[in-house]
Each structure stands twice: as C-alpha cells, then as structure tokens.
Amino acid sequence: MYTKTTAMANSSLFEQLSTIQDVKKKPRNRMMTIQKNYSDTFFQFKKPVTLTANNGIALLVVTADPHDPSSYEEYILQGSITLESNVYFNTLTVTDQCSIFLEPQLSDEPILISVAQQFKVKNNQPLIQIESIFSIVYQVKTAPFALTHQNRDYCELIIVDQGEINHQINGNELILGQHECILLFPGEDYSQTVHKEGVTTYLTIMFKAKGLEDEMSQKIYHLTSKHSSLVDRMMKLSTNPTSYYTSDEIFLSFKNLLMSLIQGQADTIEEPTTSMRENYENELFQAIADYLHQNVEEQNQVNDLVDHFALSRSTLQMLFKKYANTSPKAYINQLRLQRSKVLIRESKMSLSEIASELGYGSIQYFSRAFSREFGMSPSSYAKSIIK
C-alpha cells in the first residue's frame with residue numbers, strides 16, 4: 001500500500017502545491033502516457049520540475065541516491081507537486097496505464113540515470129484466497145469415539161473447545177487439548193479418536209483456499225481470546241445471518257483467523273467465548289439427555305452422570321435447570337417413570353421386576369412415585385391396558 005502525495009505535510013524531496021491546477025489548461029505536449037509498471041531508470045532535472053496527475057493512477061518513485069534502493073520513497077501522485085532541484089524520480093503506472101503532466105522549467109533537460117536493480121509497482125493482490133466455506137460444525141463426543149476421514153479434497157480447521165482429541169495423520173500422532181487447533185490439507189487422510197473420559201467438544205470448519213503454505217499442516221496452534229472471538233462471530237453468523245453481507249463477514253473473520261495463525265500471533269487463552277460456551281452447554285445437555293434415554297435402566301442416578309461425563313454436580317444442576325427447567329434427579333425420575341409405562345405395556349416383567357430394573361429400592365417406593373406422577377398406581381395402569 002502506498003501513501004498519497006496529498007497526505008504529505010512536507011517532504012525534503014518535493015512540495016505539494018496548494019492551488020488546484022486545471023489539467024484542461026495544461027499544454028498537451030507536456031502530457032506523458034505511462035504504460036509500464038517497472039523501470040531501471042531515474043530522471044534528474046537541475047531545476048525544480050512540476051508533476052500533475054491526469055488519468056489513471058501513477059506511482060511516483062523519488063530518491064536522493066538512485067543507487068541505494070533503501071532510500072527510495074514511493075507515493076501515489078495526486079494533484080500537483082514540485083520536485084526539488086536534482087531530485088531523482090520516475091513514474092510508473094499502477095492501473096493498466098496512466099498519464100501525467102511533466103513541466104520542467106524552460107531549457108531544462110533531464111539527465112537519465114540507469115540503476116542495476118529494477119524497481120516496480122508492488123503486487124498488492126492477496127496471497128491467501130478463501131474460495132469456499134462449506135461447513136461450520138460444533139460437535140460433542142464422549143469416549144470411546146473413533147472416525148476415519150479419507151479422500152478429502154478440502155481443508156479442515158479443527159478447534160478443541162473442551163477435552164482432548166487424538167489425530168493420526170499420515171502416521172503422525174497429534175493430540176489437541178483445550179483451545180488448540182490444527183489445520184488439515186486436502187489429500188491428508190486422518191483418523192480422530194477420543195480416549196479421555198468426560199466430554200470433548202470441538203469445532204470443525206471445512207473450506208477451500210489457495211495460498212496456504214504446506215508448513216502450516218500438521219502443526220498445533222494455541223488460540224488467544226481475540227481469535228476465539230472471531231470463531232464466536234463466525235458461529236453466530238452461520239446459524240443466524242444478520243444481513244445481505246453475512247457471508248462476507250464470515251469469510252473476513254475466517255481469513256483474519258488464518259492470518260493470525262500464519263503470523264504466529266496465537267497463544268493460550270483461559271475461557272471460551274460466550275457463543276462457544278452456549279454451544280458447548282447446549283450440545284452437552286443433549287448428549288446427557290440422549291445418554292439417559294438410552295441407558296436409564298442401568299444409569300439412573302445423578303452420580304452415574306457425574307462419573308460418565310466427568311462433570312460436577314453443580315454443573316449438572318445448572319444444565320438441567322437451564323435446558324429442562326428441572327433438577328437432574330427429577331428429570332431422571334420422570335424418565336424412569338415414563339419407561340416403566342413402556343415396560344408395563346410391552347414386557348412380561350412383573351411390577352417388582354420393573355421397579356428393580358429401573359433402580360427403585362422397593363415396589364412400594366416405585367408405586368408411590370408412579371401414583372404421584374400419573375394419578376394411579378402401577379397395578380391400576382396395568383389393568384387399564386388389559387381392558
């Protein structure tokens with residue numbers, strides 16, 4: 001990126017003219033059309049010379065020493081400037097072509113100085129181009145979990161929010177912990193496994209991009225809270241678009257995240273951001289609820305959930321209050337009673353066997369709980385089905 005000549009308050013090499021000059025009144029024989037964006041030549045006039053922008057965008061390269069590239073100053077030419085005596089300069093085109101007015105003083109002819117190293121307009125095109133973002137998925141897994149990915153023609157960025165997940169990539173093992181991420185390239189077959197007890201939650205972003213360097217692959221990055229906030233914003237926008245330009249904002253946030261990883265600006269953070277925490281809690285509660293529905297006969301105590309999901313009782317209380325508006329114990333009891341009706345209808349088990357199967361200490365305790373919930377005893381319910 002370049003500075004404009006009009007943005008310069010002062011310079012030792014040129015002076016910005018304060019009066020706006022009408023290019024329509026400029027002598028046409030002083031107009032120069034520039035078609036090259038490179039050169040190895042500088043001009044020098046013995047007296048001050050005026051340059052005025054006309055059409056297109058011209059890059060002014062000025063220096064006091066043409067043989068020292070570190071002394072070169074580069075500006076987008078705007079309006080009119082007067083170069084000091086004996087300043088070395090040239091103009092290149094930034095656009096396809098441009099034109100300027102070059103007005104030396106009478107009889108002042110330029111001296112041409114060739115330099116060994118060519119100077120040119122910098123290519124400001126982005127190196128990294130995000131072509132597509134296919135999916136932004138937040139996942140909750142409990143051990144044991146294993147999955148193999150093959151024949152992928154896209155990239156994946158995997159960010160661990162809670163827990164730990166193992167990756168086997170081309171024979172290399174990488175273990176991601178909390179707030180760590182890994183970038184996987186197309187053609188890299190890999191497997192994911194969760195061995196550690198408790199809950200592992202992670203975000204997967206599937207995308208296609210150009211310009212990513214191979215050395216970024218199979219490398220663990222540690223995220224900071226500002227990087228997590230970019231992820232937070234992408235997740236919110238992907239599930240709740242806010243405007244016509246939502247996709248643009250997602251792409252920009254994702255590119256900023258990748259650039260931070262490339263430039264080594266990541267480090268450890270302490271807490272996930274709000275959106276990731278909300279996703280974590282919601283998905284975790286769903287995982288707990290699914291687990292209970294599938295295993296309520298064997299796992300029907302609060303301690304069973306504490307042990308299986310490696311959570312504290314206070315965390316369980318918070319989750320069930322927030323997402324079910326009840327306590328874990330009440331939720332489990334209600335689920336057990338609902339299951340008991342199914343067993344009464346569909347099994348040949350006695351009421352005592354059903355009470356024992358669902359973890360009730362006695363048939364009397366089961367009968368009281370059933371009656372409170374449904375307004376009739378288990379035996380009355382069984383008789384109503386027969387009728």
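Note that these values count all heavy atoms, side chains included, but never hydrogens, waters or copies made by symmetry.
Side-chain atoms of Arg313 never come within 3.5 Å of backbone atoms of Val302 as a donor-acceptor pair (strictly under, hydrogens ignored). When atom types are taken as modelled, the side chain of Ser99 and the backbone of Met32 share no donor-acceptor pair closer than 3.5 angstrom. A side-chain donor-acceptor contact under 3.5 Å links Ser253 to the backbone of Glu249. With hydrogens and angles ignored, the 3.5 Å screen pairs a side-chain donor or acceptor of Lys255 with a backbone N or O of Ile128. For Asn37 (side chain) and Lys120 (main-chain N/O), no donor-acceptor pair under 3.5 Å exists by modelled atom type. Judged purely by atom type and a 3.5 angstrom limit, Glu373 has no side-chain atom pairing as donor or acceptor with the backbone of Phe370. A donor-acceptor distance shorter than 3.5 angstrom exists from the side chain of Ser371 to the backbone of Ser367, with no hydrogens or angles considered. Panel note: side chain Thr93, backbone Ala58; no donor-acceptor pair is recorded below 3.5 Å. Without hydrogens or angle criteria, Tyr72 side chain to Pro66 main chain gives a donor-acceptor distance under 3.5 Å. In this structure, the side chain of Ser384 engages the main chain of Tyr381 through a donor-acceptor pair within 3.5 Å.
No donor-acceptor contact under 3.5 angstrom links the side chains of Gln118 and Asp40, judged on distance only. Defined by atom type and a distance below 3.5 Å, a donor-acceptor pair is missing between the side-chain atoms of Thr204 and Glu156. Residues Asn170 and Tyr190 bring no donor and acceptor atom of their side chains to less than 3.5 Å of each other. The closest side-chain donor-acceptor pair between Ser191 and Thr148, if any, does not fall under 3.5 angstrom. Between the side chains of Ser352 and Ser350, no donor-acceptor pair is found at a separation under 3.5 Å. With 3.5 Å as the limit, one finds a donor-acceptor pair spanning the side chains of Gln44 and Tyr88. Side-chain contact annotation: Glu188 with Ser217, donor-acceptor N/O pair under 3.5 Å present.
Each of Ile34 and Tyr2 belongs to its own hydrophobic cluster when Ile, Leu, Val, Met, Phe, Trp and Tyr are linked at side-chain heavy-atom distances under 4.5 angstrom.
Cation-pi geometry between Lys341 and Phe374 is met: under 6.0 angstrom from the ring centre, within 45 degrees of the axis.
Remark: aromatic rings of Tyr154 and Phe207 are distant, center separation not under 6.0 Å. When ring centroids are compared, Phe42 and Phe119 come within the 6.0 Å threshold. When ring centroids are compared, Tyr291 and Phe309 come within the 6.0 Å threshold.
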Side chain to side chain contact (heavy atoms under 4.5 Å, CB included) between Asn166 and His195, worked out: CA-CA 8 Å; Asn166 295 40; His195 303 300; 3.8 Å; yes
His179 vs Asp161, side chain to side chain contact (heavy atoms under 4.5 Å, CB included): CA-CA, chis, key distance, verdict: CA-CA 5 Å; His179 309 316; Asp161 185 25; 4.0 Å; yes
Candidate pair Leu212 and Leu183, rule side chain to side chain contact (heavy atoms under 4.5 Å, CB included), full reasoning: CA-CA 10 Å; Leu212 296 176; Leu183 180 62; 4.2 Å; yes
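Ion pairing between a basic and an acidic side chain is recognised when a charged N comes within 4.0 Å of a carboxylate O; Lys26 and Glu103 show such pairing. Salt bridge annotation for Glu74-Lys122: present, with a cationic side-chain nitrogen under 4.0 angstrom from a carboxylate oxygen.
The only option from Gln218, His149, Gln192 that meets the side chain to side chain donor-acceptor pair (under 3.5 Å) definition with His167 turns out to be Gln192. Under the side chain to side chain contact (heavy atoms under 4.5 Å, CB included) test applied with Leu60, the options Ile76, Asn90, Leu13, Thr91 reduce to a single match, Thr91.
The environment of Leu112 atom CG is dense: over 12 non-hydrogen atoms of other residues, nucleotides or ligands sit within 6.0 angstrom. The neighbour count for Asp96 CG, taken as heavy atoms of other residues, nucleotides or ligands under 6.0 Å away, does not exceed 12. Within 6.0 Å of CZ in Phe134 there are more than 12 heavy atoms belonging to other residues, nucleotides or ligands. The local environment of CD in Glu173 is crowded, with over 12 non-hydrogen atoms from other residues, nucleotides or ligands closer than 6.0 Å.
Here the straight-line distance linking atom CG of Asp304 with atom CD1 of Ile332 works out to 7.5 Å at 0.5 Å rounding. For the atom pair Leu157 CG and Leu258 CG, the distance stands at 6.5 Å (nearest 0.5 Å). Summarising the geometry, atom CD1 belonging to Ile158 is positioned 10.5 Å from atom CD1 belonging to Ile205; distances are rounded to the nearest 0.5 Å.
Under the side-chain hydrogen bond (donor to acceptor under 3.5 Å, both in side chains) criterion, Ser71 pairs with Thr63, not counting sequence neighbours. Qualifying side chain to side chain contact (heavy atoms under 4.5 Å, CB included) partners for Gln286, counting only residues two or more places apart in sequence or in other chains: Asn282.
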